[in-house]
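Everything below concerns the one structure shown next.
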Amino acid sequence: MSISSDLFARALKVIPGGVNSPVRAFRGVGGTPFFTESAEGCRLHDADGRQYIDYVCTWGPAIHGHNHHVIHEALRKALDRGTSFGTPCEDEVMMAETLTRLVPGLEKVRMVNSGTEATMSAIRLARGCTGRSKIIKFAGCYHGHSDSLLIKAGSGALTHGHPDSAGVPAAFAAETIVLQYNNVQAVEDAFAANKGEIACIILEPCAGNMGVVPAKEGYLEALRELCTANGTILIFDEVMSGFRVALGGVQELSGVRADLITMGKIIGGGLPVGAFGGRANLMDMLAPNGPVYQAGTLSGNPLAMAAGLASLNLLEKSMPYARLDAAGARIETALLAAAEDAGVPLQINRSGSMWCPFFNESPVHSLEDAMKGVVPLYAKFFHSALDKGVYLPPSQFETCFISTAHDEAAISRTIEILCESITSL
Ligand SMILES: *Cc1c(COP(=O)(O)O)cnc(C)c1O
């Protein structure tokens, strides 16, 4: 018995499924999870003394790798001043100033404690501003686990075979219209069938929770036009893609501007954080200025603000996006070549340092396409890589992330291992 399996046995007795978030349980790939004792740079060290080059990067936040000394130091300094005040503090202002400076169209922003809270609150705000109830989301997009959004959701909801969670009242689900990603016609039809009723469209402008599925050319522009024409609020959920694909997120890459933007992950520097914001006239509908209520005991927490600010400052200083993209391109090229040699059907979807392998014959532009893949091959690939010291997401329907701590040597070693794993499939 390993220490990890002992810990998992203990966890199973007192935590549902042994984990505090479902995908961590490895149900998507089989086997049992390892327990991490510490993490440094691009590596995780498990309780049994094994180490892994990590491509989960704490599900996206660790763009600087784990335990970066600058974030560590910022946290230490913040800790000396206290862990929570319950009054405003300067770091909250600095965080809002930084976000509004870096994110296109972000005039005002409010901090929350998770991406789930951010999207839930943005949707309430969109409903409050428009006086409409219905929302449009897309199959395979994941926006956290709130009721209106846990319908044909991606991420763990997919691998567990319950994209529609039990416990979501049918009356709530009826307010959520679920359409195919990257399909403009479906959105046009939905607007025609629900004239004047749609409060907002929410989407991941580069999807990362059904594996990586970038928006097709012209898709975001078309959604923008339809929303403007119909008085519907466009929400880009950039919890994952924000500060990941570019400093200004997909908005910067595409030039398309949303009305509201939700954020999380990287902006917390590894601490629990979310944020939502956008046009000032919309954001001023929030309490205490307006009628839409939203609050949080620990929102704007000084430790989270300090870690997040350190993370954002580091990004601004180092501007690592070209380097991250080059690392992603190396992995993509090498894996595709290995798959061709081995006669393994493989698609690599990628936006900069977000990437994922699909063992599919044809390109993946939607959840339907993603589901055509050979998921058992992913599980085999995952375990082969893990045995050799590379930790990929324990599910086909997640994103692999590259951090600035993945140096040349780590990328080269990764390529060796992953190519061997593909050859052995
Ligand atoms: C992770 C994620 C969320 C949920 O964030 P949590 O902090 O896990 O609640 C929402 N939207 C997207 C796009 C995400 O990737």
Side-chain angles (χ1 to χ4, degrees), residues 19-24 55-63 103 110-124 126 135-160 163 165 176 178 181 200-215 220 234-245 249-251 258 260-277 294 296 298-299 301 304 307-308 311 349 351-356 367 370 393-395 397-401:
V19 291
N20 282 313
S21 194
V23 186
R24 296 182 201 168
Y55 287 89
V56 179
C57 287
T58 186
W59 306 92
I63 194 165
V103 178
R110 183 163 279 173
M111 302 307 298
V112 291
N113 302 292
S114 68
T116 295
E117 274 183 65
T119 57
M120 179 183 81
S121 306
I123 285 189
R124 181 178 305 143
I135 66 171
I136 290 178
K137 80 174 283 292
F138 299 96
C141 282
Y142 178 70
H143 306 290
H145 61 279
S146 72
D147 283 343
S148 302
L149 294 168
L150 207 52
I151 296 161
K152 296 229 170 19
S155 190
L158 265 181
T159 24
H160 291 248
S165 173
T176 303
V178 184
Y181 195 73
C200 65
I201 293 184
I202 184 167
L203 82 157
E204 295 178 69
C206 172
N209 285 291
M210 48 177 145
V212 178
V213 180
L220 301 175
L234 179 61
I235 305 175
F236 277 4
D237 180 358
E238 297 230 47
V239 169
M240 182 187 289
S241 55
F243 299 94
R244 165 59 65 180
V245 297
V250 177
Q251 284 200 110
L260 294 174
I261 299 110
T262 55
M263 291 161 279
K265 297 197 167 125
I266 287 175
I267 67 165
L271 270 74
V273 156
F276 66 104
Q294 185 279 325
L298 291 174
S299 294
N301 173 268
S311 173
N349 277 15
S351 179
S353 60
M354 283 172 70
W355 63 278
C356 94
L367 180 59
S395 159
F397 305 105
E398 299 291 346
T399 291
C400 304
F401 297 101

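Order of appearance sets the numbers: ligands from 1, and atoms from 1 within every ligand. Everything quoted here is computed from the prediction, not taken from an experiment.
In terms of the side-chain hydrogen bond (donor to acceptor under 3.5 Å, both in side chains) criterion, Thr58 has no residue partners (sequence neighbours excluded). For Thr176, the side-chain hydrogen bond (donor to acceptor under 3.5 Å, both in side chains) test picks out no residue, with sequence neighbours left out. In terms of the ring pair (Phe, Tyr, Trp, His ring centres under 6.0 Å) criterion, residue partners of Tyr181 (sequence neighbours excluded) are, by chain and number, Tyr219.
Residues Glu398 and Ser395 bring no donor and acceptor atom of their side chains to less than 3.5 Å of each other.
With Glu204 contributing its side chain and Phe236 its backbone, the two residues share no donor-acceptor pair below 3.5 Å.
Taking OG1 of Thr119 as the reference point, atom OH of Tyr142 lies at 8.5 Å (rounded to 0.5 Å).
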May I have every N or O pair linking ligand 1 to the protein at under 3.5 Å, one per line with atom names and distance?
unit_1	atom_1	unit_2	atom_2	d
ligand 1	5 (O)	Gly115	N	3.4
ligand 1	7 (O)	Gly115	N	2.8
ligand 1	9 (O)	Gly115	N	3.4
ligand 1	9 (O)	Thr116	N	2.8
ligand 1	9 (O)	Thr116	OG1	2.6
ligand 1	11 (N)	Tyr142	O	3.3
ligand 1	11 (N)	Asp237	OD1	3.4
ligand 1	11 (N)	Asp237	OD2	2.6
ligand 1	15 (O)	Asn209	ND2	3.1
ligand 1	15 (O)	Lys265	NZ	2.6

